[in-house]
Amino acid sequence: MTVRVLAFARVREVLGVSESVLNVPSGARLCDLWATLCEQNPELGPLTSSTRTARNGHLADSTEILEQDDEIALLPPVGGG
Amino acid sequence: MTVRVLAFARVREVLGVSESVLNVPSGARLCDLWATLCEQNPELGPLTSSTRTARNGHLADSTEILEQDDEIALLPPVGGG
Amino acid sequence: MFAIVREPIDVSAVEDAARIPGAGASVTFVGIVRATGEDGRSVAGLSYESYDAMALAEFEAIAREARERHGGIGLAIVHRRGELKVGEIAVVVSASAPHRAAAFAACSYTIDELKSRAAIWKKELYVDGTPGRWCSNAGEART
Amino acid sequence: MFAIVREPIDVSAVEDAARIPGAGASVTFVGIVRATGEDGRSVAGLSYESYDAMALAEFEAIAREARERHGGIGLAIVHRRGELKVGEIAVVVSASAPHRAAAFAACSYTIDELKSRAAIWKKELYVDGTPGRWCSNAGEART
């Protein structure tokens, strides 16, 4: 199963890409996706508590189960204006 | 002795002119000038309590004594903005 | 920029004039002639007159006060006089400051004080042709 | 008008878009790139990025809230993204209303909420070439 991952600001810089399509096992939750990303990119770890996640344009709980073609956005603390 | 009188808004309409040069007796006070104007223009009477007076660009007390060439402005309640 | 003008006001020029070096925020108030008068009657326009010397001195006094309260701010005030139609701009107040709290406060303070203190008068002219009426800000609630 | 744009923002166009019929007051906030960073360092510019879909949805949500609080108001929000130099305009919020209290309150509410909620990020770029720093509004005092 694949999901699209959008990353912004510091999280984007750590991942090195703003957008990617990732394979995730069926039944995986948002927090599993984040954990996988942290394993591959240890610098993400310290950002865990400050990074919120949106699923298909809406803030999501980390326990939500991913579905095929979900658009997952990784959102550091905002700084607009 | 003469003073220049500037009138605005409703007071200007009652006097019929925005600017005039008036003869005043030596020693006359601001309130004497107003009283004279009220005699000549009875419609001014009801405006007495709401009209402030400036002398040479500064709000003045009605007991101040007029001097030659004073610029006296008759100021109804303001309504700018 | 402190001015009373006969011609339409260029809002951008007032904003620019108020902009200080180091500004992070600019707040601009624009006052527009409304179609509805104070007593609900349909307004065709407003006629403004001013005692320019005193009004401009008051603009500068208000600006001094705003600077005392809010520190290093930039401020510009332009008021129009003459006959204005509904929808036309009567007054523009612009304030700039390093941060937005001061810019909002200075702009709001300035228009409140201008309305209550500056030697400017306004007559409502009605669509139905009934005699115009001089409007006072005396009873108006401060914002 | 709710937009995130790459090009310089036309402040007048945002003001015009926010203008409702019956408006007696328009209040416009302009956010400008400052030369001094959050920690006092000299800033060469800011780099903004955004998640446009979520940011625009948030602009509309904030506008709905402002209308619920302040009645018949007009509101427009335009934010810029990309690299901005010191002195350039990053955001414009304009509100119009029959009277000025609502216009001031709606404009102020909107910029406060935008800064704390919209999916927009800002990196300070420094004159001395040291690595840029992502800035969060989380700790910022509301005005």
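Because only heavy atoms are used, hydrogens play no part in the values below, and waters and symmetry mates are left out as well, while side chains stay in. Each chain gets a letter, A, B and so on, in the order its sequence line appears, and its residues count up from 1.
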Item to complete: Report the distance from atom CD of C/Glu15 to atom OG of D/Ser12, rounding to the nearest 0.5 Å.
Response: 7.0 Å
Worksheet item: Out of C/Thr28, C/Val27, C/Val92, C/Val11, which one racks up the most heavy-atom pairs below 4.5 Å with chain D?
Response: C/Thr28
Practice prompt. Give the ring-plane orientation class for D/Phe104 versus C/Phe104, where under 30° counts as parallel, over 60° as perpendicular and anything between as tilted.
Written response: perpendicular
Discussion item. Less than 4.5 Å to any heavy atom of chain D: does that hold for the side chain of C/Pro98, its backbone, both, or neither?
Written reply: both
Item to complete: Please name the pair of heavy atoms, one in D/Ser26 and one in C/Ile32, separated by the smallest distance, quoted to 0.1 Å.
Response: CB-CD1, 4.1 Å
Worksheet entry | Heavy-atom pairs under 4.5 Å with chain C, option from D/Ala23, D/Ala35, D/Gly31 with the top count | D/Ala23
